[in-house]
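Hydrogens, waters and symmetry mates are skipped; everything else that's a heavy atom, side chains included, is used. Note on naming: letters A, B, ... go to the chains in the order of the sequence lines (proteins, then strands), and numbering restarts at 1 for each one.
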Number of protein chains: 2
Amino acid sequence: MARPTRPLAQLAPAPSPRGVPEATVARLPLYLRALTSLSDRGVATVSSDELAETAGVNSAKLRKDLSYLGSYGTRGVGYEVEFLRHQITREIGLTQDWAVVIIGIGNLGHALANYGGFASRGFRIAALVDADERRSGEEVAGLKVRHSDELEDVIETLNISIAVVATPAHAAQAVCDRVVAAGITSILNFAPAVVQVPEGVELRKVDLSTELQILAYHEQRKNGAALALTAEQAVELAKAVRG
Amino acid sequence: MARPTRPLAQLAPAPSPRGVPEATVARLPLYLRALTSLSDRGVATVSSDELAETAGVNSAKLRKDLSYLGSYGTRGVGYEVEFLRHQITREIGLTQDWAVVIIGIGNLGHALANYGGFASRGFRIAALVDADERRSGEEVAGLKVRHSDELEDVIETLNISIAVVATPAHAAQAVCDRVVAAGITSILNFAPAVVQVPEGVELRKVDLSTELQILAYHEQRKNGAALALTAEQAVELAKAVRG
DNA sequence: GGGCACTTGTGAAGCCATGCACAAAGTTGC
DNA sequence: GCAACTTTGTGCATGGCTTCACAAGTGCCC
């Protein structure tokens, strides 16, 4: 019952000897959330079936994912919640905290700056930057907005490692170029624009309207798409034939 | 040069005879954006190489994706921008407009309500709903916030087909249950919670902090992870051995 | 009207992710 | 100390997506 001192084998190998598949990496935060939730409820041990249920995935997939990190479970018992949580936290790199700059303090930038979910997971919003000088000095989420002229200076001084881009689409590429030149190698882009970055820079994108469009596609399917399209085709025909 | 009347073959088959792969569907909005951008610049015709470049994908992938929709290009020439744009718009279902309700008018809900990218793509924010009665009546983005008691009524009256959930995590499941009961079959969830929905309901999720965590993982890799981990392992050891 | 240059559409191969099913390993009860 | 039970970790088969490479089709030029 009481865990014996963990065997050395657990510390000896690098946390992920052979690289973890990207699909697995994308699910680790999900597992972490599930484990935190279980931990808050005072659960000490959990089986892969239960954890999979909590995280909303297939249990075989969960076990395979965890196996990439190491062998952290106990057969016949399951996983120790706190221990596993710590392992995943470490694997993702959340034992240190990460300084983030948000660029573009419009509606979305505002919301992101105030979003509580970042701080609670080890992401510290260290600076806010906007190109509009009328916003400079304005206080948002307890931070003064800086003018974008200061971007490079801010990144270096505050030792920032992640940039969140929430500018209008037309400004996104230029902003990314600048933060990359300033040494940033991780960017989260919310601007609806295609951005090119050099090899070695990690770029992830979130496009809010893309998500809605995917939903619309499926919704259309469901609503007797054939019927609607027949009507639509008349319009299309008119245009195609040269309206 | 002048396009001849399109052959009937183009209208005869259903727009996507054999279902379009999910991965392809997820890229259609990207292509649409690229085509709109080209259209705005006055480009009339585009090759798969150019369009792929604009959209930031591989050109073979682009051609294969488009081939699922039909044969809309001309060998030796490329694709007619306006024509292709119309085809994709229709395929996604953006020729009609979709009424959306945003539930949870906190920071994020606020930002989403004000986000211009929805309206410009055929998504009409028809209602805002929040559980806090102190917010009821408040005006956001030109709409009065309604109390969540009215949720079902709003959905029916305004003929809403898509729900955007921007509530705190603990409220997400209950809200989803209610909108599903009210007939909604498409949900976009921003709450950091696992939500179960019945078969036939499309649920997409966007978790902002998940994206940052994935970046952190890769960032950690780059920063001489081995070195940092050796230090980290000492801490871990202390805990594992029972701190 | 025929050949050349260009670009699409797609068969085929390879890769990655998923999910099944089970052997291995650990626990509990007697 | 052994047998029955539980649950992990993983080999393997399956399926979907990506990428290559090229045949087929189209326009242009002479």
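In terms of position on DNA chain C, the residue among A/Arg27 and A/Gly76 whose nearest nucleotide sits closer to the 5' end is A/Arg27.
Environment of CD in A/Glu82: crowded, with over 12 heavy atoms of neighbouring residues, nucleotides or ligands closer than 6.0 Å. Other residues, nucleotides and ligands place more than 12 heavy atoms under 6.0 Å from the CD atom of A/Gln173.
Across the protein-nucleic acid pair, A/Leu69 atom CG and D/dG9 atom P stand 10 Å apart, rounded to whole Å. Summarising the geometry, the separation between OH on A/Tyr79 and P on D/dT7 is reported as 12 Å, rounded to the nearest angstrom. Summarising the geometry, the separation between CD on A/Glu80 and P on D/dT7 is reported as 16 Å, rounded to the nearest angstrom. B/Glu22 places its CD atom 14 Å from the P atom of C/dT18, with the value rounded to the nearest Å. The interatomic distance linking A/Tyr72 (OH) with D/dG9 (P) rounds to 11 Å, in whole Å. Taking atom CZ on B/Arg75 and atom P on D/dC28, their separation rounds to 17 Å, with Å as the unit. Rounded to whole Å, atom C1' of D/dC17 lies 15 Å from atom CG of B/Leu28.
Side-chain proximity of B/Ser71 to the nucleotides D/dT10, C/dT8, C/dG9 is greatest for C/dG9. You'll find that the side chain of A/Pro21 is closest to C/dA17, out of C/dT18, C/dA17, D/dG27.
Considering only heavy atoms from C-beta on, A/Tyr72 stays 4.5 Å or farther from A/Ile88 through its side chain. Looking only at side-chain heavy atoms (C-beta outward), A/Leu212 and B/Arg121 stay at 4.5 Å or farther from each other.
Without hydrogens or angle criteria, B/Ser37 side chain to B/Arg33 main chain gives no donor-acceptor distance under 3.5 Å.
Residues A/Ala34 and A/Thr54 share a closest heavy-atom pair of CB-CG2, 3.8 Å.
Less than 4.0 Å separates DNA chain D from at least one heavy atom of each of the following residues of residues 48-65 of chain B: B/Asn58, B/Ala60, B/Lys61, B/Arg63, B/Lys64.
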